[in-house]
Amino acid sequence: MSTDAVGHAYPRLEGREKVTGTARYAVEYPVDGITYGWAVPSAVVRGRITRIDTSEALESPGVLAVLHHGNAPRLAPGPEPELWLLQDPAVHYRGQYVAVVVATSLEAAREGARLVRIDYDAAPHSTVLTDDHPGLYQPDHVNPSYPTDTAEGDFDAGYAAAPVRVDATYRTPAYHNNPMEPHATTAQWRDGRLLVHDSNQGASSVRGTLAELFDVSPESVRVVTEHVGGGFGSKGYAKAAVVLTALTARHLDRPVKLALTRQQLFGPVGYRTPTIQRVRLAADADGRLTAICHDAISQTSTIREFAEQTAVYTRSMYAAPHRRTTHRLVRLDVPTPFWMRAPGECPGAYALESAMDELAIAVGIDPVELRIRNDTEVDPDQGRPFTSRNLVACLREGAQRFGWTDRDPTPRARRDGRWLIGTGVAGSSYPARARPSSARATARPDGSFLVQINATDIGTGARTAMWQVAADALGVPPERVEIRVGDSDLPTAPVAGGSMGTASWSWAVIRAGQALREKLREGVPPDGEVSATADTTDEVGGQPALPRYAYGAQFAEVRVDADTGEVRLNRMLGVFAAGRVVNPTTARSQLIGGMTMGLSMALHEEGLLDERYGDWVNHDLATYHITGCADVESIEAYWLDERDDELNPAGVKGIGEIGIVGAAAAIANAVHHATGVRVRDLPIRLDKLVGVSALA
Ligand code: MOS
C-alpha cells in the first residue's frame with residue numbers, strides 16, 4: 001500500500017494553535033515559583049572588571065540575587081569559549097554578558113540591572129574590518145570544513161591573456177538576525193536534572209552543550225523546543241541566554257525565565273560578518289570564462305574563530321580553466337559572527353553574480369545567456385559530475401515566466417514618469433547536505449501510529465513535513481499518524497540549519513517506518529503495540545561524497561526615482577530546482593521568505609558600528625531597517641519537478657536558504673540596468689543614487 005501525503009499542500013499542523021495564541025514558546029510555559037532574569041551587558045569593549053557593586057541592586061524591591069563572575073556557579077570550560085559566561089572578569093567585546101539580575105518580576109529584574117555598578121579597566125580596541133588591517137591572517141579552514149584557499153590552472157596568466165576582464169570589489173555590512181521570538185529560556189533544576197524550555201534550532205545539540213558546561217550526563221538534561229519563532233542560524237547552537245538562565249536557576253535553586261530584549265539581539269547572539277570581496281573574471285569574446293578569482297575578507301572575534309566560507313560559492317558555480325579563491329580573516333574586539341541564512345553562499349553570491357552582470361555588459365552578451373554559456377555538468381571544484389544540476393532549466397523557465405526576452409540591455413532605457421525601470425538576473429545555488437539522525441515509529445492497538453524525532457520546527461513547517469513523510473513511510477493516511485518533535489528526550493536528530501533538516505530527518509523517519517512495517521509483518525504482540533527505531537549514522541556516513549546542490553535563478557524588476565534615488569522592487573521571481581518538494585505551501589513560504597530577506601539585504605539592512613564605543617549604533621527595529629510588507633509588492637517562487645535519486649530516500653535538497661542566495665545580486669543588477677550606476681557596497685541606499693537623473 002502506498003500513499004501520497006508527500007507533495008500535498010497540507011496546512012501546518014500547529015497553525016490553529018499559533019494563530020489562536022495557545023502555542024507555547026520558550027518563556028510562555030506556566031511554572032510555579034518562577035523568577036525573572038535580566039542580563040547585564042558590559043559597558044566597555046575590551047578589558048577587565050575591577051569591581052562589581054551589587055548592594056543597591058540587592059536592596060531594590062523584588063531582587064533576589066545578582067550573579068557575576070565572583071559568585072556564579074562554575075562551568076566546565078567547554079568547546080565554545082563565548083558560552084563560558086560569568087566565569088572570569090575578562091571582557092572581550094562590548095555587550096558581553098557580565099551579570100544577571102534575578103527578581104520576582106520582570107520589571108524588578110530590569111530595575112535591578114540598572115542599579116548594578118561595574119568598574120572596568122578598559123584596554124584599547126579594534127572593531128572595524130578593513131582590507132589592510134594588520135591582523136589579517138589565513139585561517140586553517142573555513143566553515144564548516146572547506147579548504148581556505150583553492151587554485152587550479154594559472155589564474156594570473158589566464159587573467160592577463162583574456163580579451164575581456166572584470167575586476168571589482170564588493171562590500172557587505174554586518175547583518176543582524178532578528179527572529180520574532182528572541183533567544184529565550186525557562187530553566188529549572190529538579191532532583192539534579194535540568195529542564196529547559198528554550199528557543200533554539202536543535203535541542204539535541206543544546207542538550208549536549210549544557211551537559212558539558214554543567215558537567216552532568218546528557219540524560220540529566222532535557223531541552224524542549226516545541227515551538228520556535230525563527231532563528232535564521234542565530235539559534236543553531238546553545239547561546240548565551242540558555243546558559244545564563246540555567247546558571248541562574250542553579251544558583252538560586254528556583255525556576256528562572258530569561259528573554260533577551262530586541263536590542264540585546266544585536267551582537268552577542270551572532271550576526272553575519274561584514275565582507276570585502278574582490279572578484280576578477282576573464283572571458284573570451286564569446287563570454288566563455290577563462291579565469292575566475294574571488295578573494296574574500298571577513299572578521300571573527302578574539303575568543304573564537306568563525307571563518308565564513310564567503311568564496312566557496314564561486315568554486316562550484318561556473319567553470320573556467322584558471323581559478324583561485326582565498327579567504328582572509330581578522331580577529332577584532334567584537335562579538336563572534338555566526339550563521340545567518342546561507343552563511344557564505346549568500347554574501348559570496350552577491351559578489352560573484354554581480355560580477356557576472358558586469359562581465360555580461362563588458363562582453364555584450366545577455367546575462368541569462370552568459371550564465372547558460374558557462375554552465376557545467378562537472379563540479380569545477382571536485383572534478384566530478386553533479387548528481388543533478390538544473391541551473392539552465394531554472395534560468396530558461398524564469399526568463400520565460402518573468403518576460404525577459406527582448407530586454408533592451410541599455411541602462412536607463414526604460415522610464416515611467418519619474419521612475420527609471422530596470423531588470424536584473426542572478427544565479428543561485430546551495431549545497432544539498434544531510435546529517436545522521438534517528439527516529440522511532442510505533443504502531444498502537446487502535447490502528448494509529450506515533451512517530452517521534454527531535455526535529456525542530458523553527459516556523460518552517462518541519463513538523464507537518466515530517467508527518468507527511470511518516471505517513472508515506474508507514475503506508476497509511478496521515479490522519480492516522482501522530483508526530484512528535486521538539487524535545488531532546490525524543491530520538492536524537494540534527495539541527496534545523498544548513499538547509500539539511502528535511503533531508504536528514506526524513507531519512508530517519510523513512511527508515512523507522514520501514515523497520516516498523518517489517519516488524520508488523522512478523523506479527524503483533526498481545527498488547528498490540530510495536531515500536532521500531534532507526535539510526536542513519538552508518539548509511540549517511542557511507543554515502544559517496546558527490547557534488548549535490550540545489551539551483552535557482554532570481555529575476556528582479558526595480559524602479560528608481562530619478563531625482564531622490566529611492567529604489568522600489570516592482571517584482572521578483574525565482575525558479576528553483578531543489579529536488580522533491582514535500583509541502584508546496586511551506587516550501588513556497590521558505591522560498592519567498594529567503595527572497596524577501598535578500599531584498600532586505602539589497603536595500604535595507606546595515607549594521608553600523610561606532611568604532612569609539614565598539615558598539616552597534618542601530619540596534620533596534622526602528623533604526624536597523626528590515627524589509628516590511630509595504631516593500632514587498634510582488635514576490636513569486638516556482639520550482640521544477642526535479643528527481644535526483646542520489647540524494648536521500650525522500651529525494652529532497654533543502655529549501656531553507658537557497659531563496660536568499662543571489663537575490664541581492666538580482667536587485668543590484670536591476671538597479672544598474674535602471675540607472676547605469678553600479679552600487680558595489682550594500683545596502684543600495686538612496687544617497688548612493690540621489691540625483692541619478694543628472695548622471696550621464
Ligand atoms: Mo541556517 S544559517 O543554517 O539556520
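None of these values were measured; they are calculated from a predicted model. One-based numbering, in listed order, for ligands and for the atoms of each. Just so you know, these numbers use all the heavy atoms, side chains as well, and skip hydrogens, waters and symmetry mates.
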Checklist outcome for this item: If we number the atoms of ligand 1 from 1 as shown, the ones under 4.0 Å from a heavy atom of Arg341 are 2 (S)
Item to check | Atoms in ligand 1 with a heavy atom of Glu657 nearer than 4.0 Å | outcome: 1 (Mo), 2 (S), 3 (O)
Checklist entry - Tyr271 and Trp616: aromatic ring centres closer than 6.0 Å? => result yes
Next on the checklist: Between ligand 1 and Gly231, can you find any atom pair, the residue atom being a heavy atom, that is separated by under 4.0 Å?
Outcome noted: no
Item to check | Ser488 and Asn454 side chains, donor-acceptor separation under 3.5 Å | outcome: no
Next on the checklist: Return the NE2 to CD distance between His619 and Gln263, rounded to the nearest 0.5 Å.
Outcome noted: 4.0 Å
Next on the checklist: Please work out, at 4.0 Å between heavy atoms, whether the side chain, the backbone, both, or neither of Met340 comes within that distance of ligand 1.
Outcome noted: backbone
Item to check | Ring centres under 6.0 angstrom apart (Phe338, Tyr237) | outcome: yes
Item to check | Atoms in ligand 1 flagged as close to Gly498, the criterion being non-hydrogen separation under 4.0 Å | outcome: 1 (Mo), 3 (O)
Checklist outcome for this item: Test side chain to side chain donor-acceptor pair (under 3.5 Å), reference Asp198, set Thr185, Thr186, Thr225, output is Thr185
Next on the checklist: Please list, in number order, the atoms of ligand 1 under 4.0 Å from a heavy atom of Gln201.
Outcome noted: 4 (O)
Item to check | Parallel, tilted or perpendicular, as decided by the 30° and 60° cut-offs, for the rings of His176 and Phe266 | outcome: tilted
Next on the checklist: Is there a side-chain contact (heavy atoms from CB on, under 4.5 Å) between Leu194 and Arg222? Walk through the geometry before answering.
Outcome noted: CA-CA 6 Å; Leu194 170 63; Arg222 181 177 172 203; over 6 Å; no
Item to check | Proximal atoms of ligand 1 relative to Trp339 (non-hydrogen, under 4.0 Å) | outcome: 2 (S)
Next on the checklist: Side chain or backbone, does Ser499 bring an N or O within less than 3.5 Å of an N or O on ligand 1?
Outcome noted: no
Checklist outcome for this item: The atoms of ligand 1 lying under 4.0 Å from a heavy atom of Gly497, numbered in the order shown, are 3 (O), 4 (O)
